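Step one of this worksheet: look at the structure below.
All residue numbers in this chain count up from 1 along the given sequence. All values derive from a computational prediction rather than experimental measurement.
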Amino acid sequence: MNNQEILRKIVNYIENVMKEKSLTSRDLADICVKKTGKMSPRTIDNMFKTPSSTTLSTLLKVCDGLDLNLNAVFHSIEIAKTSAENGQHRFIFDIEHPAYNGYTGNYHVFFLPTSAYPEDHSGQTLVHGTLRLGDFNSMHECSAILDIDSGDFTNEGTPFSKHYEGTLVYSSNSQMFCRLVCSKYGDMWFMVFNHGNLNNKELACVIGCAATASSGRYRHPAIHRFCLCNMQQYPEIDSDTRTLIEGLLRIQEKHIWIKKKTLNELLLHNNFDPDFRRNLENYLNIATEYYALPKNTLKEDIPLSTSVKELAKLCNESNLEKTFHILNEDDRELSCILKGCLATPTTPATPSEAE
């Protein structure tokens, strides 16, 4: 678009906002006078008649009068232009669209740490952050602000946290996408989760995937499974519930790999549900034997050019998942755990009450 076309679209945008608010040129002029100084209805009428003659000063005063961010207006026009060129409306950016109902607010974010040096995490097994969603910059889009407590410490001994900012975008293919940038440390998060019909009700909790760089001295790309929990519905997540969330986030394959010794100890000391224990023990009696082969051990004393080819052959015959999927049951399982953490313990009935 050339400058004249941009001006015409800005004026059209302003005119539509005035119609939505049922404002006449005189009404807007009176508002502008109170907020920004001199403004006449004739100036506003001339702006609509001849957009090309409109001055930047007039545009700024009118936008201030309507509580519009001029940058947001440019942004909305560009999004509309891109959508029109594509001939599709697969992505919805406008936060006032019904698709965003129930999404704004504050959320707990939990994911597993990926430090290159696990010992630097001081035993931390679950990373917590806070995600805020809303139109914080008056851009008519869903802004996202993520603050993460990394679990690490700075050289001065203070907690090391990261601050990310970005946007949440609704896609009609049942996905939500959130791109977040941490300018201070040159890091990015790209989150994706399934919305299904959640836009028709409050988003309470969901599991998704996030691509980012791991923490630590050397940064490597990492794929996290993360979960969002609505802070209004779940203001506090106790330590026992966090442990259960950690377990759900670790289920990345169809098989749970666990040492025989560890499982025997769990069966001996853990108070499993009787039906769950029976299913587990039945499976142990009929299970096919699997080998859990440590990659690093197989590579010992072998040239990289050789080991990488042999590992590739071996992996093609393995039972490993080709992709980490977020399935529908994942969200249902998370919901059950979170609802359980809010459940009020029942008081055992006295003998008289039982009778």
Side-chain angles (χ1 to χ4, degrees), residues 103-139 141-169 176-193 203-252 324 334 337-338 341-342:
Y103 278 98
T104 57
N106 298 338
Y107 295 85
H108 295 288
V109 179
F110 292 107
F111 61 94
L112 303 176
T114 55
S115 173
Y117 298 91
E119 64 273 13
D120 294 342
H121 270 276
S122 303
Q124 185 189 34
T125 57
L126 192 64
V127 179
H128 177 259
T130 302
L131 177 68
R132 294 189 292 139
L133 300 175
D135 188 9
F136 307 121
N137 303 311
S138 300
M139 297 284 286
E141 64 182 11
C142 190
S143 298
I145 298 175
L146 175 65
D147 289 289
I148 293 177
D149 175 11
S150 69
D152 290 330
F153 293 91
T154 64
N155 294 333
E156 293 75 28
T158 56
F160 178 63
S161 60
K162 289 183 178 180
H163 177 81
Y164 297 79
E165 295 188 9
T167 54
L168 181 77
V169 178
M176 298 294 282
F177 297 98
C178 187
R179 185 179 68 89
L180 295 151
V181 176
C182 176
S183 301
K184 183 176 181 180
Y185 297 108
D187 195 14
M188 294 181 69
W189 265 58
F190 188 79
M191 306 167 72
V192 56
F193 58 90
L203 175 61
C205 52
V206 69
I207 291 181
C209 288
T212 181
S214 67
S215 58
R217 193 177 309 165
Y218 300 104
R219 297 182 180 275
H220 302 282
I223 303 292
H224 293 281
R225 280 166 62 99
F226 72 88
C227 74
L228 297 180
C229 312
N230 190 303
M231 294 182 72
Q232 182 175 357
Q233 188 162 351
Y234 307 107
E236 297 293 335
I237 309 293
D238 60 45
S239 58
D240 289 340
T241 304
R242 291 188 183 213
T243 300
L244 295 175
I245 289 175
E246 179 187 348
L248 286 185
L249 293 177
R250 294 185 68 181
I251 302 177
Q252 298 181 352
F324 290 160
L334 174 66
I337 282 180
L338 290 170
C341 85
L342 287 184

So if I apply the side-chain contact (heavy atoms from CB on, under 4.5 Å) rule between [X] and each of [options], which one comes out positive?
X	options	result
Tyr107	Leu203, Leu146, Thr130, Val206	Leu203
Tyr164	Asp187, Ile145, Asp147, Leu131	Asp187
Ile245	Ile207, Ile237, Asp240	Ile237

Calculate, to the nearest 0.5 Å, the distance between atoms [atom1] and [atom2] belonging to [X] and [Y] respectively.
X	Y	atom1	atom2	answer
His224	Met191	NE2	CE	10.0 Å
Trp189	Cys182	CH2	SG	11.5 Å
Lys162	Thr212	NZ	OG1	6.5 Å
Cys209	Phe226	SG	CZ	7.5 Å
Phe190	Ile223	CZ	CD1	10.5 Å
Leu180	Thr167	CG	OG1	8.0 Å

Exam field: side chain Arg225 to backbone Leu249, donor-acceptor pair closer than 3.5 Å: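 Checked: pair present.
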With distance as the sole test, does His108 use its side chain to make a donor-acceptor pair with the main-chain N or O of Tyr234 at under 3.5 Å?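 At least one qualifying donor-acceptor pair exists.
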May I ask you to test the [X]-[Y] pair for a side-chain heavy-atom distance under 4.5 Å?
X	Y	value
Cys227	Leu248	no
Glu141	Leu168	no
Glu246	Leu112	yes
Asp135	Thr104	no
Ile148	Val127	yes
Glu165	Phe136	no
Thr243	Leu126	no

Parallel, tilted or perpendicular: ring planes of Phe110 versus His128, cut at 30 and 60 degrees: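 Ring orientation of Phe110 relative to His128: tilted.
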Report, as yes or no, whether the 6.0 Å neighbourhood of atom CZ on Arg242 holds more than 12 heavy atoms from other residues, nucleotides or ligands.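 Enclosed: over 12 neighbouring heavy atoms sit under 6.0 Å from CZ of Arg242.
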Check Gly208 against Phe193 and note the closest heavy-atom contact, atom names and distance.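 Distance-wise, the nearest heavy atoms are CA-CB, 3.9 Å.
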